[in-house]
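Below is one structure, written out as structure tokens; comments come after it.
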Amino acid sequence: MTWRLCCAWIFVLLFPGFSDGGKLLVVPMMGSHWLSMQKVVEKLSERGHEVVVLMPEISWQMKTTQAYTVKRHPATLPLEELDNAFREYVATHLKDLPFPMNAIAIYNNSNHVFRMFFTQCQDLFSSKETLQYLNQSAFDAVLTDPILVCGATLANYLSLPFVFFMRGFPCSLHYKATQCPSPLSYIPRLFSFNSDHMTFLQRVENALIDLLELVYCNSLYKGILELSSEVLQRDVSLLDLLNSASIWLLRFDFVFEYVRPVMPNMVFIGGINCVQKKPLPKPPELEDQDREQNETPANQRGYV
Ligand SMILES: *[C@@H]1O[C@H](CO)[C@@H](O)[C@H](O)[C@H]1NC(C)=O
Ligand SMILES: *[C@@H]1O[C@H](CO)[C@@H](O)[C@H](O)[C@H]1NC(C)=O
């Protein structure tokens, strides 16, 4: 049960709220990212923590429940623009262009989608009312998805400890920010399709991808870094913003990764989604057999 582990770690961070429950600010990323985070947020709230989820006024449908408070901040970007950017993004992935056109097109689209989300982050920091509310609420910690760096900027702004909850991060930033040793000869870069046993040429390719990642991510996050530097009133780099995270909750499994060193504050909580598991539905052919045999139910024969 992944969410149990998630909760346990956040619970530790909310110390000294062991008896009273802590006050947690959640800064989610909308879309599928939120679907995984929501279960954890609900559980934390059930366990007596006071949880406030910060969302833009205009966002993709983010189902909310009574379990936690939702604080909406003003947003200027029309929903249609968000939708269109995302549709283009998906269409580009499905287009099947030859290399390197596919990489260029995907990069171009990602940049576009990211810029949309940065606009929302800008709206958050332009809202004096929201910032005042957040400052006065005296939260104990922030739980956020690192992908947009907006939550990390906010946590830095409010001088609060923060926990990242994530599945994937461009340019292996989760390993870079935590300063995990990452020798190019043994650790395959994302999208290289190499394994941890590389030939000389594959190692060269790995090194080139690593160089490109730097350019790629610096340009992808350029807008948000300018905003963060302005908000925090000092020049910040992407790694500055990320490396002060208290805990990284990684929603994947160590056994599916190539062996690599990680830092003690990185916790593999498994499962792409933090959703409570349900038994698999019975395939129709088994149901037919059941009817014919009319004996032990399938779930006692170990099918389910
Ligand atoms: C880049 O993306 C924008 C907006 O999504 C699009 O209008 C433009 O045609 C794209 N350019 C390339 C070279 O793909
Ligand atoms: C939060 O409010 C306190 C006083 O109430 C003030 O001293 C502090 O500068 C504020 N912090 C931010 C980030 O606005």
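Whatever order the structure lists them in is the order used to number ligands and atoms, beginning at 1. Each residue takes its place number in the sequence, starting with 1. Quick caveat: nothing in here was measured; it's all calculated off a predicted structure.
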(message) Are Phe114 and Tyr221 an aromatic pair, judged by ring center distance below 6.0 Å?
(response)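 Aromatic pair counts; centres sit under 6.0 Å.
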(request) Kindly indicate whether the side chain of Ser59, heavy atoms from C-beta on, has any atom under 4.5 Å from the side chain of Arg72. (result)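 A side-chain contact under 4.5 Å exists here.
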(request) Answer yes or no: is there a side-chain heavy-atom contact under 4.5 Å between Val40 and Leu249? (result)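 No, too far: nothing below the 4.5 Å cut-off.
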(request) Check the angle between the aromatic planes of Phe268 and Phe254 and answer parallel, tilted or perpendicular using the 30° and 60° thresholds. (result)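 It falls in the perpendicular class, over 60°.
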(message) Check the orientation of Phe139 and Tyr133. Use parallel for under 30°, tilted for 30 to 60°, and perpendicular for over 60°.
(response)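 Answer is perpendicular, since the angle exceeds 60°.
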(request) Please list, by chain and number, the protein residues whose heavy atoms come under 4.0 Å of ligand 2. (result)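 Residues within 4.0 Å of ligand 2: Asn135, Tyr157.
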(message) Is there a continuous path of hydrophobic side-chain contacts, each under 4.5 Å between heavy atoms, that joins Ile209 to Phe169?
(response)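 No; Phe169 is not reachable from Ile209 via cluster members.
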